[in-house]
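Heavy-atom basis, side chains included; hydrogens, waters and symmetry copies ignored. Throughout, a chain's letter reflects where its sequence line sits, starting with A, and its residues are numbered from 1.
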Amino acid sequence: MDKRYQHESVEEKWYSFWEKNSFFTPNVDHGKKQFSIILPPPNANADLHLGHVMYTVEDILIRYHRMKGDASLWLPGADHAGFETQFVFEKKLQKSGKSRFDYDRDTLYKMIWDFVYENRGNMENQLRRLGFSLDWSRQVFTLDPEIIKIVHRTFKKLFDDGFLYRSNRLVNYCTRDGTGFSDLEVHYIERNDPLYYLKYGPFVLATTRPETKFGDTAVAVHPEDKRYQKWIGKEIEVEGLIGKFKLMVIADQAVDPKFGTGMVKVTPAHDMADFEMGQRHKLPMKQVIGFDGRLTKVAGPYKGLKVAPARQKVVEDLKARGLIDRINEKYVHSIGTCYKCGHIIEPLPLPQWYIKIRPLADNAVKIIKSKKIKFSPKRFEKIALQWLTNFRDWNISRQIVWGIRIPAWKCLDCKNEEWIVTDGTAAENCPHCRGKNLEQDPDTFDTWFSSGQWPFATLKVKNEKDYEFFYPTQVLETGYDILPWWVCRMIMLGLYITGKVPFKTVCLHGLVRDAKGQKMSKSKGNVINPLTMADMYGADALRMALIYGTAFGNDVPMSEDKIRGMRNFSNKLWNIGRFIKMNQDSFQSEKINIAKLSIEKTTQTEDKNILEELKTLTDDVTKSIEEFRFDKGADALYEFIWHNLADKYIEAVKQRLKNYDQKALAVLTCVFITSLKLLHPYMPFITEELNKQLSLKEEQPLIISPWPKI
RNA sequence: GGAUCCGUAGCUCAGAUGGCUAGAGCGUUUCGUUGACAUCGAAAAGGUCAGAGGUUCGAGUCCUCUCGGGUCCACCA
């Protein structure tokens, strides 16, 4: 054995050994308990980042249960990550001077498909590199034809059950990315924008968006506001930049009499609250801002200007005409931006498909409250409930090509507004006029609509028996940051489609941050590349560094120092092994049959002590995995192996070993091998290698050896 | 405005159901390498557990308030 642990030569060897022997592939065996986890699918086109190494937690659970003898399935997949991927691809196009508008839909789709397929293998090999014991034989992709079928069927069922509707309400639209979003993708930021007090006929009212005044279709006051009582229901004449126009004064509860002058301009096409007021008062909509982010012809001479310059120009002209009463320059409010590109989100009227979320969410709340789904750490239950209680209808339409096309058609001949929804097969003719001139909705699904069906979809595609045996899955483990995006939606859709919970326990880890607790980002330059770290210090060290020392569920501060520390631990393990091996060899050269060594009836105090401590360790590690406190197990193992076993016990028995004390070698070997078993879920490679090196007889590989019992 | 997490040694963090002189890693200081490991060992320094009040025989641990951070949510025109 080398003086130092050389992870390079060990890790690859063992992964292919495990994979070739199908240890990752459980059979459907009703005689066994099942333990199943669906891997949160990484983006197919992207490399893994440090956060993905938190999958270690799932690997710990899977390896532990596999050793316990359960039929343990960890099912890998890849996500097409619709908008995210198209965004990345468009950037790439940009670099070569092209844009997505240079290609027709099918060509663009094909180009992205090729792009993703080129990169997909990277991600998969990186998962292997980190030692994750995933069942590759059951691997799935969100754009596999069978998955698409399931997603289509879900859409149709929602439609048939009345949980789906088409609505021309305001959608969160990013004019730069050219697509609408759900509420979750809008990122609100605090910003200073002047609050303009504009003269509106006999009144003054406050707005931050003077450029939308061309879209006003009323002014509103609070119904009980004394100042405006006699005007309610009357029409006022307003002098504007493009001539005089008339507006009705309406009364609505939504108006806050304390804000501004207590009067608000109503622009139903560009403000969520105004839109709702418009609905209540049957106001017309005038769209001032187009989907290209420029003012429309409604704005007369201002047509074609982008929003920001338009505002400037409008303010300038209003000032010149004496139509601005005053300006509050210090006004601060929160404003919606695109979570991806940071551009301001425009609420724009666009027909989209919405899921009626209340019945689904209410059911999810009921299930969680009845403890059919548990959360770990517990505090996340409250957060999930808060989300589920506040969800509003979910817009699942996206104006992008990279995704699953929505299976809905419209007849172009009979002008019927009715949609023909299928389970994916192309609609052939209009049920009203029998016409064949049908047009499919050009939109695709929100990625989260398909990944929200992941637990049952992945188990149904290959083999119905998998679904029967492995569903519901036992644990869903992911970062707490996607609790509303993903976890809540899986619960809602899982319950709706299968009538069962998709998983029994939700286990949420914290975010990996830098050594100072700051978010890692390219712009800050504090990103740690997991593959580089694995190459330098070993995958085991990297895995352990992420688990050790931080209470599970809290954010994990990470530094190269910490990984190096765990590399040192690997080396410590290695040298304990080397010490044992050295003694085994010297015993053998004295013709002692080390295969027959036994720990029975040892009389030495130090032997009894270490064996007693090993019992405690076994108990601690088992409990900490069962309770999802992986950090406690890691701490206990580190402490025991380094300080109890190496520093104290080994030092205590060195003299006995020199004298060929067989009990000493027996106890030492037994304690160490047992520790390796307990450590194997955390650090699979080095433990497997050491077990092989030290085994006295032909032993099973650790990956399938039985979990130690007290 | 609401929710939630956090403030413990120089740094990063552990410290279920309150109970022996408050712990670890890294860092610092001193000493130690001829047969496991310098990616090591032995020892040491270093904390009014953010602050105040309360419950208790006893509080880092429970309650209230204050201060200081982080994160998330909300249709602030």
Side-chain angles (χ1 to χ4, degrees), chain A residues 1-5 170 183-184 186-188 190 193 195-196 198 205-210 212 219-220 254-256 258-267 270-277 331-336 347 377-380 382-383 385-387 389-392 480-481 483-484 510-511 513-519 537-538 541 545 548-562 564-583 586 623-624 627 629 631-632 634-636 638-639 642-643 646-647 650-651 654 657-658 668:
Chain A
M1 286 171 82
D2 287 322
K3 194 169 175 182
R4 289 177 187 169
Y5 172 53
L170 298 193
D183 294 341
L184 289 180
V186 182
H187 180 228
Y188 288 91
E190 289 259 290
D193 281 307
L195 182 64
Y196 303 96
L198 307 184
L205 57 76
T207 181
T208 53
R209 305 208 58 183
T212 63
V219 291
V255 180
D256 176 3
K258 290 192 215 78
F259 187 92
T261 59
M263 175 175 275
V264 59
K265 68 193 207 53
V266 185
T267 323
H270 298 293
D271 182 281
M272 298 289 182
D274 291 7
F275 176 82
E276 283 167 19
M277 268 195 261
Y331 184 67
V332 174
H333 63 155
S334 76
I335 186 165
K378 283 201 187 94
R379 64 174 183 274
F380 290 115
K382 204 173 170 186
I383 297 172
L385 287 173
Q386 193 184 317
W387 274 106
T389 313
N390 293 318
F391 272 136
R392 309 175 69 185
Y480 65 72
D481 54 328
L483 176 63
L511 274 33
R513 298 174 176 273
D514 77 1
K516 292 175 198 151
Q518 290 189 306
K519 211 169 172 177
Y537 303 111
Y548 180 90
T550 305
F552 184 75
N554 289 353
D555 287 352
V556 182
M558 188 46 52
S559 63
E560 195 167 335
D561 269 350
K562 194 169 176 189
R564 202 177 290 126
M566 290 305 143
R567 186 274 316 267
N568 294 354
F569 180 53
S570 305
N571 198 55
K572 192 71 185 177
L573 289 164
W574 186 252
N575 276 290
I576 296 169
R578 213 154 74 91
F579 179 74
I580 294 173
K581 185 83 182 157
M582 186 186 81
N583 281 287
S586 71
K623 259 194 200 144
S624 70
E627 292 167 359
R629 280 298 305 268
D631 55 303
K632 282 188 181 179
D635 291 359
Y638 186 98
E639 177 71 18
W642 200 314
H643 300 298
D647 291 348
I650 286 185
E651 292 307 320
K654 271 184 175 167
L657 289 168
K658 274 184 194 168
L668 177 57

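At a cut-off of 3.5 angstrom, the base of rA74(B) holds no donor-acceptor pair with the side chain of Q386(A).
The distance from atom CZ of F569(A) to atom C1' of rC37(B) is 13 Å, rounded to the nearest whole Å. The distance from atom CG of D514(A) to atom P of rC11(B) is 15 Å, rounded to the nearest whole Å. Regarding K519(A), its NZ atom lies at a distance of 20 Å from the P atom of rC5(B), rounded to whole Å. Atom-to-atom, CE of M1(A) to C1' of rC37(B) comes out at 11 Å; the value is rounded to the nearest Å. Nucleotide rC73(B) holds its C1' atom 17 Å from the CZ atom of R379(A), rounded to whole Å. One can place CD of E639(A) at 8 Å from P of rA24(B), the figure rounded to the nearest angstrom. Following rounding to the nearest Å, F259(A) (CZ) and rA74(B) (C1') show an atom-to-atom distance of 15 Å. rC26(B) atom C1' lies 14 Å from atom CZ of R567(A), rounded to whole Å.
The pairing partner recorded for rU12(B) is rA24(B), the criterion being a Watson-Crick or G-U wobble arrangement whose two distances lie under 3.5 angstrom. Across the strands present, rC49(B) finds no partner; the criterion is a Watson-Crick or G-U wobble pair with both atom distances under 3.5 angstrom. Applying the Watson-Crick and G-U wobble criteria (two distances, each under 3.5 Å), rU4(B) pairs with rG70(B). rA42(B) is paired with rU30(B) under the Watson-Crick or G-U wobble criterion, all donor-acceptor distances under 3.5 Å. Remark: rU17(B) base-pairs with no nucleotide; criterion is Watson-Crick or G-U wobble with both hydrogen-bond distances under 3.5 Å.
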Full working for side-chain contact (heavy atoms from CB on, under 4.5 Å) between M566(A) and Y537(A): CA-CA 8 Å; M566(A) 290 305 143; Y537(A) 303 111; over 6 Å; no
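The P atoms of rA36(B) and rG18(B) are separated by 47 Å, rounded to the nearest whole Å. Rounded to the nearest Å, the gap between the P atom of rC11(B) and that of rC49(B) is 16 Å. Separating the C1' atom of rA59(B) from that of rC20(B) is a span of 15 Å, rounded to the nearest Å. Comparing rG51(B) with rC67(B), their P atoms are spaced 16 Å from each other, to the whole Å. Rounded to whole Å, the C1' atom of rU21(B) lies 26 Å from the corresponding atom of rC31(B). rU64(B) and rC6(B): their P atoms are spaced 15 Å apart (whole Å). When the P atom is compared between rU61(B) and rG7(B), the two are found 11 Å apart, to the nearest whole Å. For the C1' atoms, the distance from rG10(B) to rG27(B) is 7 Å, rounded to whole Å.
Note on R564(A): nothing from the nucleic acid sits closer than 4.0 angstrom, heavy atoms only. Base engagement by E651(A) is indicated by at least one non-hydrogen atom pair under 4.0 Å involving a base atom. D647(A) comes within 4.0 angstrom of the backbone, heavy atoms only, and of no base. Across all strands shown, Y548(A) has heavy atoms under 4.0 Å from sugar-phosphate atoms exclusively, and none from any base. K258(A) comes within contact range of no nucleotide atom at all, as no heavy-atom separation falls under 4.0 Å. V266(A) comes within contact range of no nucleotide atom at all, as no heavy-atom separation falls under 4.0 Å. Among the atoms of the strands shown, none is found under 4.0 Å from any heavy atom of L195(A). Within 4.0 Å of W574(A), counting heavy atoms only, lies no atom of the nucleic acid at all. Across all strands shown, A646(A) has heavy atoms under 4.0 Å from base atoms, whether or not it also approaches the sugar-phosphate. Among the heavy atoms of the strands lying under 4.0 Å from N554(A) are primed sugar atoms or P, OP1, OP2 only; no base atom is included.
Considering only side-chain N and O atoms, Y331(A) lies under 4.0 angstrom from the phosphate OP1 or OP2 of rA77(B). Distances shown here put a side-chain N or O of N568(A) below 4.0 Å from the OP1 or OP2 atom of rC40(B). OP1 or OP2 of rG15(B) has at least one side-chain nitrogen or oxygen of R629(A) nearer than 4.0 Å. Distances shorter than 4.0 Å separate some side-chain N or O of H643(A) from OP1 or OP2 on rG25(B). A sub-4.0 Å separation between OP1 or OP2 of rG35(B) and a side-chain N or O of K658(A) is absent. Regarding contacts with the backbone of rA74(B), every side-chain N or O of R392(A) stays at 4.0 angstrom or more from both OP1 and OP2.
Comparing rA38(B), rC76(B), rG35(B) by their nearest atom to the side chain of K3(A) picks out rA38(B). With rA38(B), rA36(B), rG15(B) as the candidates, the nucleotide lying closest to the side chain of R4(A) is rA38(B). Of the candidate nucleotides rA16(B), rA36(B), rA77(B), rA77(B) has the atom nearest to the side chain of T207(A). When the nucleotides rC76(B), rC73(B), rA77(B) are ranked by their closest atom to the side chain of V264(A), rA77(B) comes out on top. The nucleotide whose nearest atom lies closest to any side-chain atom of R578(A) is, among rA36(B), rG25(B), rC73(B), rA36(B). Among rG41(B), rC76(B), rG35(B), the nucleotide with an atom closest to any side-chain atom of K572(A) is rG41(B).
Side-chain contact between K265(A) and T212(A): present, with at least one pair of heavy atoms (C-beta onward) separated by less than 4.5 Å. At a threshold of 4.5 Å between non-hydrogen side-chain atoms, the residues D631(A) and Y548(A) do not count as touching.
In terms of heavy-atom proximity, Q518(A) sits nearest to R513(A) at O-CB, 3.2 Å. Nearest heavy atoms, S559(A) versus A515(A): CB-CB, 3.7 Å.
Screening R564(A), K562(A), M558(A) for a side-chain contact (heavy atoms from CB on, under 4.5 Å) involving E560(A) leaves a single residue, R564(A).
A cation-pi contact, defined as under 6.0 Å to the ring centre and within 45° of the axis, links K654(A) to F579(A).
Between the W574(A) side chain and the D2(A) main chain, a donor and an acceptor come within less than 3.5 Å of each other. Looking only at distances, a side-chain donor or acceptor of N571(A) sits under 3.5 Å from a matching main-chain atom of Y5(A).
Nearest-nucleotide mapping onto RNA chain B: of T550(A) and Y638(A), the residue sitting toward the 5' end is T550(A). Between D271(A) and D631(A), the one whose closest nucleotide on RNA chain B sits nearer the 5' end is D631(A).
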